[in-house]
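Just below is one structure, and these are the notes that go with it.
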Protein chains: 2
Amino acid sequence: MVDNPWLEQLQAAGYRITAARRAVTEVMQSSERALTPIEVYDAARKRDRRLGLVTVYRTLEKLEALGLIQRVHHEHSCQAFLRAGEGHQHLLLCERCRRAILFEGDDLDALFERVGEETGFEIRSHWLQLYGLCWDCQTDS
Amino acid sequence: MVDNPWLEQLQAAGYRITAARRAVTEVMQSSERALTPIEVYDAARKRDRRLGLVTVYRTLEKLEALGLIQRVHHEHSCQAFLRAGEGHQHLLLCERCRRAILFEGDDLDALFERVGEETGFEIRSHWLQLYGLCWDCQTDS
DNA sequence: TGGATAATTGAAAAGGATTTTCAGTAAGGG
DNA sequence: CCCTTACTGAAAATCCTTTTCAATTATCCA
Ligand SMILES: [Mn+2]
Ligand SMILES: [Mn+2]
Ligand SMILES: [Zn+2]
Ligand SMILES: [Zn+2]
(Lines give C-alpha, C1' and ligand atoms only; values in the text may rest on other atoms or scores of the structure.)
(Ligands and ions follow the chains in the order given, each with its own letter.)
Protein backbone atom coordinates (compact mmCIF):
# COMPACT_ATOMS: atom_id res chain seq x y z
CA MET A 1 0.00 0.00 0.00
CA VAL A 2 2.80 2.39 0.90
CA ASP A 3 5.17 2.43 -1.99
CA ASN A 4 7.56 5.09 -0.85
CA PRO A 5 10.47 4.51 1.50
CA TRP A 6 10.08 7.84 3.29
CA LEU A 7 6.39 7.24 3.83
CA GLU A 8 7.21 3.78 5.08
CA GLN A 9 9.55 5.34 7.60
CA LEU A 10 6.92 7.79 8.70
CA GLN A 11 4.50 4.92 9.13
CA ALA A 12 7.05 2.81 10.96
CA ALA A 13 7.54 5.72 13.34
CA GLY A 14 3.85 5.58 14.17
CA TYR A 15 2.59 8.39 11.97
CA ARG A 16 -0.29 8.20 9.56
CA ILE A 17 0.04 8.54 5.83
CA THR A 18 -2.00 11.45 4.57
CA ALA A 19 -2.33 13.36 1.35
CA ALA A 20 -0.53 16.30 2.92
CA ARG A 21 2.45 14.23 4.02
CA ARG A 22 2.58 12.46 0.71
CA ALA A 23 2.74 15.78 -1.13
CA VAL A 24 5.44 17.30 1.06
CA THR A 25 7.46 14.11 1.01
CA GLU A 26 7.38 13.82 -2.75
CA VAL A 27 8.42 17.42 -3.17
CA MET A 28 11.38 16.99 -0.86
CA GLN A 29 12.41 13.72 -2.44
CA SER A 30 12.51 15.13 -5.91
CA SER A 31 14.09 18.51 -5.29
CA GLU A 32 17.60 19.13 -6.55
CA ARG A 33 17.99 22.05 -4.21
CA ALA A 34 17.20 23.15 -0.70
CA LEU A 35 13.71 24.60 -0.35
CA THR A 36 12.24 27.02 2.15
CA PRO A 37 8.94 26.16 3.82
CA ILE A 38 7.11 28.53 1.48
CA GLU A 39 8.75 26.99 -1.55
CA VAL A 40 7.77 23.55 -0.33
CA TYR A 41 4.26 24.84 0.22
CA ASP A 42 3.99 26.24 -3.28
CA ALA A 43 5.34 23.09 -4.88
CA ALA A 44 3.34 20.70 -2.73
CA ARG A 45 0.09 22.52 -3.34
CA LYS A 46 0.31 21.42 -6.94
CA ARG A 47 -0.11 17.89 -5.64
CA ASP A 48 -2.57 18.58 -2.84
CA ARG A 49 -4.55 21.72 -3.48
CA ARG A 50 -5.94 22.04 0.06
CA LEU A 51 -2.59 21.75 1.83
CA GLY A 52 -1.92 24.38 4.49
CA LEU A 53 1.40 26.01 5.29
CA VAL A 54 1.17 24.91 8.89
CA THR A 55 1.15 21.31 7.82
CA VAL A 56 4.24 21.90 5.71
CA TYR A 57 6.07 23.09 8.81
CA ARG A 58 4.83 20.14 10.81
CA THR A 59 5.79 17.63 8.15
CA LEU A 60 9.24 19.11 7.59
CA GLU A 61 9.82 18.90 11.31
CA LYS A 62 9.00 15.21 11.29
CA LEU A 63 11.07 14.43 8.23
CA GLU A 64 13.98 16.24 9.83
CA ALA A 65 13.57 14.33 13.07
CA LEU A 66 13.66 11.08 11.11
CA GLY A 67 16.85 12.22 9.40
CA LEU A 68 15.29 12.16 5.96
CA ILE A 69 15.86 15.83 5.33
CA GLN A 70 18.41 18.26 6.68
CA ARG A 71 18.54 21.99 7.24
CA VAL A 72 20.85 23.81 4.86
CA HIS A 73 22.62 26.96 5.96
CA HIS A 74 23.42 29.74 3.56
CA GLU A 75 25.18 32.92 4.56
CA HIS A 76 21.91 34.50 5.57
CA SER A 77 18.63 32.53 5.94
CA CYS A 78 19.13 29.02 7.22
CA GLN A 79 15.60 27.82 6.82
CA ALA A 80 15.98 25.68 3.75
CA PHE A 81 15.60 21.93 3.68
CA LEU A 82 17.18 19.28 1.50
CA ARG A 83 16.97 15.52 1.36
CA ALA A 84 19.67 14.00 3.56
CA GLY A 85 22.04 11.28 2.50
CA GLU A 86 23.04 8.25 4.50
CA GLY A 87 25.59 8.84 7.22
CA HIS A 88 28.13 11.62 7.34
CA GLN A 89 28.04 13.84 4.29
CA HIS A 90 29.04 17.23 2.97
CA LEU A 91 27.32 19.70 0.78
CA LEU A 92 28.33 21.31 -2.46
CA LEU A 93 26.13 24.24 -3.38
CA CYS A 94 25.82 26.18 -6.61
CA GLU A 95 25.84 29.88 -5.84
CA ARG A 96 23.82 30.69 -8.91
CA CYS A 97 21.08 28.07 -9.31
CA ARG A 98 21.23 26.73 -5.76
CA ARG A 99 21.58 23.15 -6.93
CA ALA A 100 22.87 21.00 -4.08
CA ILE A 101 25.06 17.93 -4.26
CA LEU A 102 25.96 15.63 -1.40
CA PHE A 103 29.34 14.05 -1.26
CA GLU A 104 31.37 12.13 1.23
CA GLY A 105 34.99 11.41 1.89
CA ASP A 106 37.20 14.13 3.17
CA ASP A 107 40.33 13.42 5.07
CA LEU A 108 40.58 16.00 7.77
CA ASP A 109 42.26 13.86 10.41
CA ALA A 110 45.60 15.64 10.15
CA LEU A 111 43.81 18.95 10.57
CA PHE A 112 41.86 17.71 13.58
CA GLU A 113 45.03 16.53 15.21
CA ARG A 114 46.87 19.79 14.65
CA VAL A 115 43.98 21.94 15.82
CA GLY A 116 43.27 19.68 18.74
CA GLU A 117 46.85 19.99 19.91
CA GLU A 118 47.05 23.72 19.44
CA THR A 119 43.82 24.46 21.23
CA GLY A 120 43.37 21.66 23.73
CA PHE A 121 39.97 20.88 22.25
CA GLU A 122 38.67 17.38 21.88
CA ILE A 123 37.22 17.50 18.40
CA ARG A 124 34.05 15.54 17.95
CA SER A 125 32.49 16.54 14.69
CA HIS A 126 32.72 18.94 11.83
CA TRP A 127 30.77 20.71 9.24
CA LEU A 128 32.03 21.29 5.73
CA GLN A 129 30.26 22.96 2.86
CA LEU A 130 31.68 23.90 -0.50
CA TYR A 131 30.30 26.67 -2.68
CA GLY A 132 30.79 27.17 -6.37
CA LEU A 133 29.22 27.04 -9.77
CA CYS A 134 27.71 23.93 -11.23
CA TRP A 135 28.55 22.97 -14.75
CA ASP A 136 25.42 24.47 -16.27
CA CYS A 137 25.92 27.75 -14.50
CA GLN A 138 29.55 28.02 -15.57
CA THR A 139 28.69 27.79 -19.24
CA ASP A 140 25.37 29.46 -19.83
CA SER A 141 26.05 33.16 -19.37
CA MET B 1 40.46 60.73 21.13
CA VAL B 2 39.32 57.37 19.80
CA ASP B 3 41.36 54.71 21.49
CA ASN B 4 39.76 51.63 20.06
CA PRO B 5 40.63 50.14 16.68
CA TRP B 6 37.04 49.10 15.92
CA LEU B 7 35.73 52.53 16.77
CA GLU B 8 38.45 54.03 14.62
CA GLN B 9 37.25 51.88 11.76
CA LEU B 10 33.69 52.97 12.31
CA GLN B 11 34.81 56.55 12.28
CA ALA B 12 36.97 56.07 9.22
CA ALA B 13 33.91 54.68 7.47
CA GLY B 14 32.09 57.92 8.17
CA TYR B 15 30.09 56.89 11.21
CA ARG B 16 29.90 58.75 14.49
CA ILE B 17 31.17 57.43 17.77
CA THR B 18 28.37 57.20 20.29
CA ALA B 19 27.87 55.69 23.70
CA ALA B 20 25.65 53.02 22.15
CA ARG B 21 28.22 51.99 19.59
CA ARG B 22 30.96 52.03 22.15
CA ALA B 23 29.02 49.68 24.38
CA VAL B 24 28.11 47.20 21.65
CA THR B 25 31.62 47.28 20.25
CA GLU B 26 33.23 46.59 23.58
CA VAL B 27 30.90 43.71 24.27
CA MET B 28 31.67 42.10 20.93
CA GLN B 29 35.39 42.66 21.29
CA SER B 30 35.57 41.00 24.64
CA SER B 31 33.28 38.04 24.11
CA GLU B 32 34.79 34.59 23.94
CA ARG B 33 31.69 33.25 22.28
CA ALA B 34 29.10 34.11 19.68
CA LEU B 35 26.27 36.22 21.05
CA THR B 36 22.71 36.70 19.86
CA PRO B 37 21.34 40.25 19.52
CA ILE B 38 19.49 39.88 22.82
CA GLU B 39 22.60 38.65 24.58
CA VAL B 40 24.54 41.60 23.20
CA TYR B 41 21.75 43.87 24.36
CA ASP B 42 21.80 42.50 27.89
CA ALA B 43 25.56 42.72 28.15
CA ALA B 44 25.85 46.15 26.56
CA ARG B 45 23.17 47.65 28.76
CA LYS B 46 25.51 47.19 31.67
CA ARG B 47 27.72 49.77 29.98
CA ASP B 48 25.03 52.05 28.59
CA ARG B 49 21.83 51.81 30.55
CA ARG B 50 19.66 53.63 28.00
CA LEU B 51 20.69 51.48 25.04
CA GLY B 52 17.83 50.15 22.92
CA LEU B 53 17.63 46.79 21.21
CA VAL B 54 17.09 48.43 17.85
CA THR B 55 20.44 50.13 18.11
CA VAL B 56 22.07 46.82 18.88
CA TYR B 57 20.70 45.43 15.62
CA ARG B 58 21.86 48.50 13.73
CA THR B 59 25.33 48.44 15.23
CA LEU B 60 25.82 44.73 14.66
CA GLU B 61 24.85 45.28 11.05
CA LYS B 62 27.53 47.93 10.65
CA LEU B 63 30.22 45.92 12.42
CA GLU B 64 29.40 42.99 10.18
CA ALA B 65 29.56 45.14 7.05
CA LEU B 66 33.00 46.33 8.12
CA GLY B 67 34.10 42.73 8.60
CA LEU B 68 34.76 43.20 12.30
CA ILE B 69 32.24 40.61 13.37
CA GLN B 70 30.82 37.58 11.62
CA ARG B 71 27.62 35.62 11.80
CA VAL B 72 28.00 32.19 13.37
CA HIS B 73 25.74 29.35 12.31
CA HIS B 74 24.78 26.67 14.73
CA GLU B 75 22.56 23.77 13.82
CA HIS B 76 19.48 25.79 14.62
CA SER B 77 19.54 29.59 15.17
CA CYS B 78 22.07 31.36 13.00
CA GLN B 79 21.73 34.76 14.54
CA ALA B 80 24.82 34.83 16.69
CA PHE B 81 27.74 37.13 16.15
CA LEU B 82 31.42 36.75 16.95
CA ARG B 83 34.49 38.91 16.40
CA ALA B 84 36.04 38.08 13.03
CA GLY B 85 39.69 37.40 12.43
CA GLU B 86 41.76 38.65 9.55
CA GLY B 87 41.28 36.92 6.22
CA HIS B 88 40.00 33.39 5.72
CA GLN B 89 39.38 31.57 8.95
CA HIS B 90 37.58 28.62 10.44
CA LEU B 91 35.72 28.14 13.64
CA LEU B 92 36.17 25.70 16.45
CA LEU B 93 33.21 25.66 18.80
CA CYS B 94 32.80 24.11 22.21
CA GLU B 95 29.54 22.21 22.38
CA ARG B 96 29.23 22.71 26.10
CA CYS B 97 30.25 26.28 26.92
CA ARG B 98 29.98 27.70 23.40
CA ARG B 99 33.48 29.14 23.54
CA ALA B 100 34.66 29.91 20.02
CA ILE B 101 38.16 29.79 18.63
CA LEU B 102 39.28 30.97 15.24
CA PHE B 103 41.96 29.12 13.38
CA GLU B 104 43.39 29.12 9.92
CA GLY B 105 45.26 26.79 7.68
CA ASP B 106 43.50 23.81 6.27
CA ASP B 107 44.65 22.15 3.16
CA LEU B 108 41.61 21.16 1.26
CA ASP B 109 42.97 21.62 -2.24
CA ALA B 110 43.14 17.91 -2.96
CA LEU B 111 39.53 17.59 -1.85
CA PHE B 112 38.43 20.50 -4.00
CA GLU B 113 40.12 19.00 -6.99
CA ARG B 114 38.55 15.60 -6.49
CA VAL B 115 35.07 16.97 -5.88
CA GLY B 116 35.41 19.45 -8.72
CA GLU B 117 36.26 16.69 -11.10
CA GLU B 118 33.55 14.34 -9.94
CA THR B 119 30.80 16.93 -10.05
CA GLY B 120 31.86 19.41 -12.71
CA PHE B 121 31.59 22.24 -10.20
CA GLU B 122 33.98 25.13 -10.11
CA ILE B 123 34.61 25.44 -6.41
CA ARG B 124 34.95 28.98 -5.17
CA SER B 125 34.76 28.94 -1.41
CA HIS B 126 34.08 26.78 1.56
CA TRP B 127 32.90 26.74 5.09
CA LEU B 128 34.49 24.61 7.74
CA GLN B 129 33.53 24.45 11.36
CA LEU B 130 34.77 22.02 13.97
CA TYR B 131 32.84 21.11 17.08
CA GLY B 132 34.13 19.63 20.26
CA LEU B 133 34.90 20.20 23.90
CA CYS B 134 37.31 22.82 25.08
CA TRP B 135 39.87 21.91 27.69
CA ASP B 136 37.87 23.29 30.61
CA CYS B 137 34.74 21.42 29.59
CA GLN B 138 36.58 18.13 29.16
CA THR B 139 37.85 18.18 32.70
CA ASP B 140 35.29 19.83 34.94
CA SER B 141 32.40 17.38 35.12
C1' DT C 1 33.87 77.93 22.02
C1' DG C 2 29.12 77.95 20.61
C1' DG C 3 25.60 76.80 16.82
C1' DA C 4 24.02 74.63 12.75
C1' DT C 5 23.30 70.37 10.58
C1' DA C 6 22.67 65.89 9.70
C1' DA C 7 23.44 61.35 11.77
C1' DT C 8 21.82 58.68 15.45
C1' DT C 9 18.83 57.33 18.97
C1' DG C 10 14.88 54.76 21.53
C1' DA C 11 9.96 53.83 21.53
C1' DA C 12 6.28 52.37 19.15
C1' DA C 13 4.37 50.43 15.16
C1' DA C 14 4.74 47.44 11.39
C1' DG C 15 6.17 43.30 9.19
C1' DG C 16 7.36 38.47 8.54
C1' DA C 17 8.03 34.05 9.87
C1' DT C 18 6.86 30.37 12.86
C1' DT C 19 4.05 28.23 16.46
C1' DT C 20 -0.14 27.41 19.02
C1' DT C 21 -5.00 26.73 19.44
C1' DC C 22 -9.13 24.62 18.16
C1' DA C 23 -13.02 22.52 16.05
C1' DG C 24 -13.74 19.69 12.10
C1' DT C 25 -11.93 15.66 9.27
C1' DA C 26 -10.19 11.28 8.08
C1' DA C 27 -6.62 7.31 8.75
C1' DG C 28 -6.51 2.88 9.95
C1' DG C 29 -7.14 -0.82 13.71
C1' DG C 30 -10.66 -3.81 15.10
C1' DC D 1 -17.91 -0.38 8.22
C1' DC D 2 -17.28 2.10 12.85
C1' DC D 3 -14.65 4.23 16.51
C1' DT D 4 -10.89 6.35 18.24
C1' DT D 5 -7.63 9.58 17.98
C1' DA D 6 -4.09 11.55 15.00
C1' DC D 7 -4.14 14.98 11.79
C1' DT D 8 -5.75 18.97 9.33
C1' DG D 9 -6.35 24.03 7.87
C1' DA D 10 -7.67 28.63 9.46
C1' DA D 11 -7.15 32.01 12.65
C1' DA D 12 -4.87 33.85 16.48
C1' DA D 13 -0.87 34.33 19.10
C1' DT D 14 4.17 34.79 19.44
C1' DC D 15 8.60 35.92 18.48
C1' DC D 16 12.14 38.23 16.11
C1' DT D 17 13.54 41.88 13.14
C1' DT D 18 12.85 46.13 10.56
C1' DT D 19 10.75 50.59 9.75
C1' DT D 20 9.04 55.00 11.14
C1' DC D 21 9.41 59.18 13.53
C1' DA D 22 10.26 62.86 16.65
C1' DA D 23 13.81 63.95 19.91
C1' DT D 24 18.72 63.95 20.84
C1' DT D 25 23.54 64.54 20.07
C1' DA D 26 28.19 64.05 17.53
C1' DT D 27 30.78 66.56 14.61
C1' DC D 28 31.87 70.35 11.56
C1' DC D 29 32.77 75.12 11.08
C1' DA D 30 32.44 80.02 12.06
MN1 LIG E 1 33.54 15.14 6.91
MN1 LIG F 1 39.56 27.04 4.63
ZN1 LIG G 1 24.09 26.12 -10.85
ZN1 LIG H 1 23.20 28.70 9.65
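A quick note: this is a predicted structure, and the numbers were derived from the prediction, not measured. Naming convention: chains lettered A, B, ... in sequence-line order (proteins, then strands); numbering from 1 in each chain. Hydrogens, waters and symmetry mates play no part in the numbers below; they use all other heavy atoms, side chains included.
In terms of phosphate contacts, A:Arg21 brings no side-chain nitrogen or oxygen within less than 4.0 Å of OP1 or OP2 of D:dA6. One finds a side-chain N or O of A:Thr18 lying less than 4.0 angstrom from the OP1 or OP2 phosphate oxygen of D:dT8.
Atom OH of A:Tyr15 and atom P of C:dG28 are 14 Å apart (whole Å). Taking atom CG of residue A:Leu60 and atom P of nucleotide D:dC7, one finds them 15 Å apart after rounding to whole Å. Atom CG in A:Asp48 sits about 16 Å away from atom P in D:dC7, given to the nearest Å. Per the geometry, CD belonging to A:Gln11 stands 13 Å off C1' belonging to D:dA6, to the nearest Å. Residue A:Leu53 contributes atom CG, which lies 14 Å from atom C1' of C:dT20 at whole-angstrom precision. The interatomic distance linking B:Leu51 (CG) with C:dT8 (P) rounds to 15 Å, in whole Å. When the C1' atom of D:dC16 is taken as reference, atom CZ of B:Phe81 falls 13 Å away, rounded to whole Å. Rounded to an integer number of Å, the gap from NZ of B:Lys62 to C1' of D:dT18 is 13 Å.
Backbone-only contact: A:Ile17 has heavy atoms under 4.0 Å from sugar-phosphate atoms and none from a base. Among the atoms of the strands shown, none is found under 4.0 Å from any heavy atom of B:Ile38. Residue contacts for B:Glu61: at a heavy-atom cut-off of 4.0 Å it reaches no nucleic acid atom on any strand shown.
Checking B:Arg45 against B:Gly14, the closest nucleotide of DNA chain C that is more toward the 5' end is the one next to B:Gly14. The nearest heavy atom of DNA chain D to A:Gly52 and to B:Pro37 marks one nucleotide each, and the one closer to the 5' end goes with A:Gly52.
Counting non-hydrogen atoms of other residues, nucleotides and ligands closer than 6.0 Å to OH of B:Tyr15 gives a total of 12 or fewer.
B:Trp127 has its ring centre no less than 6.0 Å from the ring centre of B:His90.
Comparing C:dT9, C:dA11, C:dT20 against the side chain of A:Val54 picks out C:dT20 as the nearest. Out of C:dA27, D:dT20, D:dT8, the shortest distance to the side chain of B:Arg58 is found at D:dT20. The side chain of A:Arg16 approaches C:dG28 more closely than any other nucleotide in the set C:dG28, C:dT8, D:dT8.
Salt bridge present: A:Glu122 and A:Arg124 bring a charged side-chain N and a carboxylate O closer than 4.0 Å.
Note on ring orientation: taking the six-membered ring where Trp is involved, the planes of B:Phe112 and B:His126 are tilted (angle from 30° to 60°).
With 3.5 Å as the limit, one finds no donor-acceptor pair spanning the side chains of B:Asn4 and B:Glu26.
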